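Here's the structure, in structure tokens; my notes come after.
Note that the structure is predicted; figures quoted are calculated from it, not measured.
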Amino acid sequence: MAFQLRPYQQDAVTAGVDYFKSKSKKNAILILPTGAGKSIVISNIIAPLDGKTIILQPSKEILEQNFAKYVSYGYYATVYSASAGQKKIDRVTFCTIGSIIKKKHLFTGLKNIIIDECHLVNAKGGMYEEFIKSFPEAKVLGLTATPYRLTNDSYGAQLKFLTRTRPKIFSSILYYVQNAVLFDAGYLSKLEYFSFDVVDRSALQMNSSGTDFTEASLKRYYKIIDMPSIIVKYSNQLLAKRKNLLIFCSLIEEAQSVVKRIPGAVILTGETKKDERERILSRFKKGIIKCLVNVGVLTTGFDYPELETVLIARSTMSLSLYYQIVGRGMRIAPTKENAWIVDLGGNIKFFGKVETMEIRKTEKGLFSIWNNGRQLTNVAFEKK
């Protein structure tokens with residue numbers, strides 16, 4: 001099936017293909033915003049490559065999206081993933097890392113490795129590092145919308161650009177496109193932000209690593225202000241105006257309380273069984289379920305372009321989490337005029353709007369994320 005690539009997609013594909021055909025030994029990254037069409041870019045990079053190629057995904061959902069896009073072009077590939085229920089290897093194989101980490105001997109002669117959501121790759125220890133080190137001759141290309149990882153060093157907790165961690169897996173940035181380019185071109189949905197001063201972030205305690213708020217302080221503070229009642233109030237107001245609502249909560253007991261008080265609402269957590277999760281998501285996408293309350297899931301791999309409303313009913317110090325939550329509403333759909341991002345946790349004030357986040361590069365080739373004149377990565381955490 002022919003598909004006309006957008007200009008930035010073509011640029012990303014060209015950069016990726018040129019990299020795999022080059023003599024470069026540096027592991028590289030392509031940075032594309034949520035909703036930019038990473039599965040399309042991945043498919044078009046793979047197509048002209050020679051040699052055995054694998055595409056690594058962190059979840060079954062993302063694997064299925066990438067695989068489906070590739071075969072829709074008429075190309076052949078296999079899947080090696082226990083969670084996806086298939087274990088076959090061919091020249092092009094879509095995999096989940098957990099399923100192949102003990103099966104490295106099956107991939108002898110591996111030439112090309114593509115890693116989706118590559119910000120999840122731990123540069124020191126972990127399955128990705130172990131697998132990559134086992135194939136020193138293979139070229140490694142990562143793709144992500146959030147090219148930074150949380151680190152702790154003598155300066156304290158910091159978000160560091162993937163090419164600036166020590167140690168590091170990725171050494172070079174092949175291509176990136178700014179968020180504003182996609183929003184301005186109409187490739188991403190218009191966002192309307194609503195921020196309400198519900199949570200006093202200064203009343204919350206940081207965890208021992210200084211990276212986010214403790215569950216204990218959240219529980220204590222949410223009880224004082226009766227957070228579930230506040231969430232229910234705003235949710236009912238939103239459901240009266242919008243077709244659907246996705247709520248992000250911090251705590252399971254809090255989400256359970258919310259669901260009981262919103263007619264027809266459904267809860268989804270990491271404890272929800274696989275079959276039930278798929279049934280819930282299917283009903284939500286069909287419009288049968290209007291309000292979905294989730295805890296700790298649906299930040300990546302959940303593709304629902306028609307989503308109109310996101311309620312951030314939590315506070316976080318994680319730029320990646322904030323970006324991924326907002327990202328759930330960024331995809332465009334024919335019947336969708338815009339997406340509302342409603343924040344009760346002070347996150348919009350702390351991080352700013354996604355549209356104005358930008359990647360900056362110094363004269364020395366160092367990358368960082370900025371928003372409204374404030375540097376968000378490679379600086380010590382500042383609680384606000």
Side-chain angles (χ1 to χ4, degrees), residues 1-22 27-81 83-84 86 88-97 99-100 107 110-121 128 131-132 135 138-147 162 169-170 172-177 182 187-188 300-303 305 324 327 330-331:
M1 181 181 72
F3 186 92
Q4 182 65 45
L5 294 178
R6 298 168 179 171
Y8 70 87
Q9 290 173 337
Q10 184 60 67
D11 290 343
V13 169
T14 299
V17 172
D18 288 349
Y19 164 72
F20 279 114
K21 293 186 175 182
S22 73
N27 297 340
I29 299 175
L30 295 176
I31 304 171
L32 295 167
T34 295
K38 278 198 282 98
S39 61
I40 294 171
V41 171
I42 289 171
S43 294
N44 282 272
I45 290 174
I46 298 169
L49 298 185
D50 296 322
K52 190 177 291 186
T53 301
I54 65 167
I55 305 87
L56 292 172
Q57 291 85 185
S59 69
K60 177 180 78 76
E61 290 80 9
I62 296 176
L63 182 151
E64 289 174 344
Q65 291 170 20
N66 288 340
F67 176 76
K69 180 58 64 177
Y70 185 68
V71 298
S72 74
Y73 283 92
Y75 301 125
Y76 178 77
T78 57
V79 170
Y80 198 100
S81 170
S83 59
Q86 297 182 53
K88 295 181 180 179
I89 298 172
D90 208 281
R91 189 184 68 81
V92 175
T93 309
F94 289 78
C95 314
T96 46
I97 186 65
S99 294
I100 66 171
F107 296 90
L110 182 60
K111 187 176 180 182
N112 311 305
I113 300 174
I114 295 176
I115 304 175
D116 197 2
E117 306 292 351
C118 69
H119 57 278
L120 297 174
V121 174
Y128 283 104
F131 190 88
I132 291 169
F135 299 92
K139 299 175 76 70
V140 181
L141 175 66
L143 293 91
T144 182
T146 52
L162 295 179
I169 294 290
F170 300 97
S172 64
I173 307 296
L174 294 183
Y175 176 80
Y176 63 90
V177 59
L182 274 67
Y187 294 135
L188 296 178
T300 58
F302 177 56
D303 187 357
Q324 296 290 358
M330 282 164 46
R331 288 178 171 82

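For the pair T144/I115, no side-chain contact is recorded, criterion being any heavy-atom separation below 4.5 Å from C-beta on. Residues K69 and I42 form no side-chain contact, since every pair of their non-hydrogen atoms from C-beta on lies 4.5 Å or further apart. In this structure, the side chains of V121 and F170 come closer than 4.5 Å at one or more pairs of heavy atoms. With contacts defined as side-chain heavy-atom distances shorter than 4.5 Å, the pair N44/Y73 qualifies. Within the 4.5 Å cutoff, side-chain heavy atoms of F94 are placed close to those of I46. Side-chain contact between Y175 and L32: present, with at least one pair of heavy atoms (C-beta onward) separated by less than 4.5 Å.
Contact detail for P7 and Y187: the closest heavy-atom pair is CD-OH, 3.6 Å. Contact between S99 and Y80 at its shortest, heavy atoms only, is O-CE2, 3.5 Å. Nearest approach of S81 to S83, heavy atoms of both residues: OG-OG, 3.0 Å. Minimum interatomic distance between T146 and Q324 (heavy atoms only, all atoms of both residues): OG1-NE2, 3.7 Å. Between T34 and M330, the closest heavy-atom pair is O-CE, 3.4 Å. Scanning all heavy atoms of the two residues, the minimum distance from G16 to L174 falls at CA-CD1, 4.4 Å.
With F135 as the partner, the side chain to side chain contact (heavy atoms under 4.5 Å, CB included) test is satisfied by one option alone out of V140, N112, L110: L110. With I114 as reference, I45 is the one residue of I54, L30, L56, I45 to meet the side chain to side chain contact (heavy atoms under 4.5 Å, CB included) rule.
The main-chain N or O of D90 is found under 3.5 Å from a side-chain atom of T78 such that the two form a donor-acceptor pair. At least one donor-acceptor pair under 3.5 Å links the side chain of Q9 to the backbone N or O of A36. Panel note: side chain S43, backbone Y70; a donor-acceptor pair is recorded below 3.5 Å. When atom types are taken as modelled, the side chain of Q57 and the backbone of C95 share a donor-acceptor pair closer than 3.5 angstrom. Distance alone, capped at 3.5 Å, is enough to place a donor-acceptor pair between the N27 side chain and the I169 backbone.
Residue K111 holds its NZ atom at 8.0 Å from OG1 of T53, rounded to the nearest 0.5 Å. A distance of 9.0 Å separates CD1 of I29 from CG of L143, quoted to the nearest 0.5 Å. From T96, atom OG1 reaches atom CD of E61 across 11.0 Å, with rounding to the nearest 0.5 Å. To the nearest 0.5 Å, atom CD of residue Q65 and atom CD1 of residue I40 are 11.5 Å apart. Atom NZ in K139 sits 12.5 Å away from atom NZ in K21 (nearest 0.5 Å). Taken to the nearest 0.5 Å, the OG atom of S59 stands 9.5 Å off from the CG atom of L120.
Salt bridge D303/R331: present, at least one basic N to carboxylate O contact under 4.0 Å.
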Quiz prompt | Pair I55-V92, side-chain contact (heavy atoms from CB on, under 4.5 Å): steps then yes or no | solution = CA-CA 8 Å; I55 305 87; V92 175; 3.8 Å; yes

Quiz item: Could you walk me through whether L141 and Y19 pass the side-chain contact (heavy atoms from CB on, under 4.5 Å) check?
Solution: CA-CA 8 Å; L141 175 66; Y19 164 72; 4.1 Å; yes

